Structures are given as C-alpha cells and as structure tokens.
Amino acid sequence: MISAEWCDRNTLEVAPDLIGCTLVRQLNGETLRGLIVETEAYCPGDPACHAYRGKTPSNAAMFGPPGHSYVYFIYGMYHCFNVVTESLHTGSAVLIRAIELDHLPTGLDAKYKKQGKRIAAGPGKLCRTLAIDRSQNGVALQPGHQLWLEHRTSEFQAKLDRRQHTLVQTTRIGLSKAAEQPWRWYLKDHPSVSKT
DNA sequence: TAGTGGATGCTA
DNA sequence: AGCATCCACTAG
C-alpha cells in the first residue's frame with residue numbers, strides 16, 4: 001500500500017508517480033481495482049488550488065495529513081477525488097482524473113455500462129462509478145478502510161522503463177487561473193479527454 | 001450549451 | 001444579511 005510518507009513529498013513529484021498505481025475501493029462486499037491513468041497536481045501557492053485562499057471548512061482536508069482523501073462537490077452533481085500531499089497544514093493535493101477498472105461494478109445501471117472501460121474516465125464519472133462522495137472526505141487511504149492506494153506493480157514499472165508505457169505531461173483541464181502550468185499527467189492513449 | 005448546488009466574494 | 005458569481009463537469 002501507499003503510505004502517508006510517500007505522499008508527503010512535493011505535489012509535482014507525487015502526481016506523475018501516482019500514474020500506474022492502483023486505487024482500490026471496497027463497495028458492498030466487492031473489491032474494485034482501478035489503474036490510475038490520469039492525474040493533476042494542485043500545489044501550495046497555486047491560484048487554481050482550492051486551498052489558495054486559505055483554509056475553510058470545505059477545503060480543510062487539503063491541509064490535513066498526507067495520504068488522506070480530499071473529496072469535493074462541484075457543479076451541483078459531481079464529486080471529485082483527490083489524494084492529499086505534502087506535510088500537515090500544507091494545502092495541496094492530486095486530483096485523480098481517470099482510472100481503468102479491472103472489471104465493472106455489479107448492479108451498475110445499464111446506461112452507464114455501455115461505456116465499458118471509459119466508465120471511470122473523468123473525475124466526476126470516476127466518483128460516480130466508485131460511489132465516492134463527501135462521506136469519504138478526509139479519510140485515511142489505508143487497507144482495511146473502504147478506499148486505499150497501491151504502488152505500481154513491477155510489471156508496470158518495467159514497461160515504463162522499457163518505454164512500452166509513456167507518460168504525457170501537459171496542461172490542466174478547465175481552469176481559468178494558472179491554466180498554463182503543465183501539471184497534468186496521463187498514460188499515453190488513456191486520457192479522459194482528447195489531448196490538445 | 002444548459003444545468004446542477006455549495007462556497008465565496010461583493011455590497012450594504 | 002443577501003445576492004451574484006464562480007466552478008478542477010458531464011450528457012446530449
């Protein structure tokens with residue numbers, strides 16, 4: 001599993017390192033495993049970061065311990081899941097934008113099922129698929145809980161080293177502030193939105 | 001391109 | 001206080 005210490009590093013290091021790691025979700029007795037294929041970094045001093053204007057009740061989890069979750073509600077319908085980074089009292093996190101699931105959750109609505117592997121591509125869809133909402137905000141990402149992270153497998157790391165996998169670094173999605181920062185990473189051929 | 005609801009930032 | 005505006009999104 002991924003430890004708090006591992007997350008207690010510069011957000012710009014953690015975000016690309018999370019690509020290829022696995023997000024594990026326990027849901028109704030079922031274990032869903034998703035390969036993380038797209039992330040974005042939200043850093044201290046970053047105008048696009050929710051923590052930029054200081055700590056508030058809604059963004060408090062970003063200032064909490066590294067390795068915990070930060071889940072927020074947006075556009076009246078969606079949730080987005082982040083991994084808190086850097087030391088306690090530092091407001092920063094990595095947004096998990098897309099995962100590739102090993103299998104589809106049972107009991108999934110037929111209208112979503114036809115999306116197949118793309119079902120968790122996009123931060124809002126990811127949370128909908130894994131049933132993540134603000135009840136998961138601020139929780140420790142540890143085995144034994146409902147949500148945790150696991151390191152890259154040696155197979156994935158080997159493919160990365162052999163360049164059979166390629167990490168693409170580019171700009172973040174949907175921002176009006178600090179839009180020029182290249183703080184988004186995705187696994188080549190797996191972006192949640194077409195690259196620009 | 002509309003539309004969801006909560007948070008934040010104005011004005012008073 | 002109250003009201004307007006913003007918003008790291010998605011479906012169609």
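Order of the sequence lines sets the chain letters (A, B, ...), proteins ahead of strands, with each chain counted from 1. Being a predicted model, the structure only gives us computed values, none of them experimental. Heavy atoms only: backbone and side chains are in, while hydrogens, waters and symmetry mates are out.
- Applying the under-4.5 Å side-chain rule to Ile, Leu, Val, Met, Phe, Trp and Tyr, the cluster around A/L95 extends to A/Y42, A/M62, A/F63, A/Y70, A/Y72, A/I74, A/Y75, A/M77, A/Y78, A/V84, A/L175.
- For A/Y72, taking side-chain heavy atoms from C-beta onward, the closest of the listed nucleotides B/dA7, C/dA8, C/dC9 is C/dA8.
- Rounded to an integer number of Å, the gap from CZ of A/R118 to C1' of C/dC9 is 15 Å.
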For DNA chain B, the dot-bracket pattern of Watson-Crick and G-U pairs whose distances stay under 3.5 Å, | for other-strand partners: |||.|||||||.
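- Note on A/R134: every side-chain N or O is 4.0 Å or more away from OP1 and OP2 of B/dG6.
- With centroids closer than 5.5 Å and planes inclined by less than 30 degrees as the test, A/Y42 and the base of C/dA8 pass as a stacked pair.
- A/E30 is listed as a side-chain neighbour of A/T106, based on a closest heavy-atom distance under 4.5 Å.
- Residue A/M77 places its side chain closer to B/dT4 than to any other of B/dT4, B/dG6, C/dA8.
- Closest approach to the A/Y78 side chain among B/dT4, B/dA7, C/dC9 is made by C/dC9 (side chain taken as heavy atoms from C-beta onward).
- In this structure, A/R172 places its CZ atom 13 Å from P of C/dC7, rounding to the nearest Å.
- One atom, NE2 of A/H79, and another, C1' of B/dG5, lie 11 Å apart when rounded to the nearest Å.
- Note on ring orientation: taking the six-membered ring where Trp is involved, the planes of A/F73 and A/H79 are tilted (angle from 30° to 60°).
- Atom OG1 of A/T22 is separated from atom CD1 of A/I2 by 8.5 Å, given to the nearest 0.5 angstrom.
- As judged by a 4.0 angstrom heavy-atom cut-off over every strand, A/N59 is placed among residues making no nucleic acid contact.
- Within the 4.0 Å cut-off from OP1 or OP2 of B/dT8, at least one side-chain nitrogen or oxygen of A/T56 is found.
- Per the geometry, NE2 belonging to A/H50 stands 16 Å off P belonging to B/dG6, to the nearest Å.
- Under the salt bridge (charged side-chain N to carboxylate O under 4.0 Å, His left out) test applied with A/E38, the options A/R172, A/R184, A/K188 reduce to a single match, A/R184.
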Audit row: A/Q136, A/S69, side chain to side chain donor-acceptor pair (under 3.5 Å) steps and yes/no: CA-CA 7 Å; A/Q136 313 283 329; A/S69 72; over 6 Å; no
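- Put simply, CG on A/L95 is 16 Å from P on C/dC7, counting in whole angstrom units.
- Residue A/F73 contributes atom CZ, which lies 13 Å from atom P of C/dT10 at whole-angstrom precision.
- Residue A/S176 places none of its side-chain N or O atoms closer than 4.0 Å to OP1 or OP2 of C/dC6.
- No side-chain heavy atom of A/L187 sits under 4.5 Å from any side-chain heavy atom of A/T166.
- Rounded to an integer number of Å, the gap from A/Y75 OH to C/dT5 P is 17 Å.
- Between C/dC7 and A/K177, a contact under 4.0 Å exists linking OP1 or OP2 to a side-chain N or O.
- One can place CZ of A/R53 at 12 Å from P of C/dC6, the figure rounded to the nearest angstrom.
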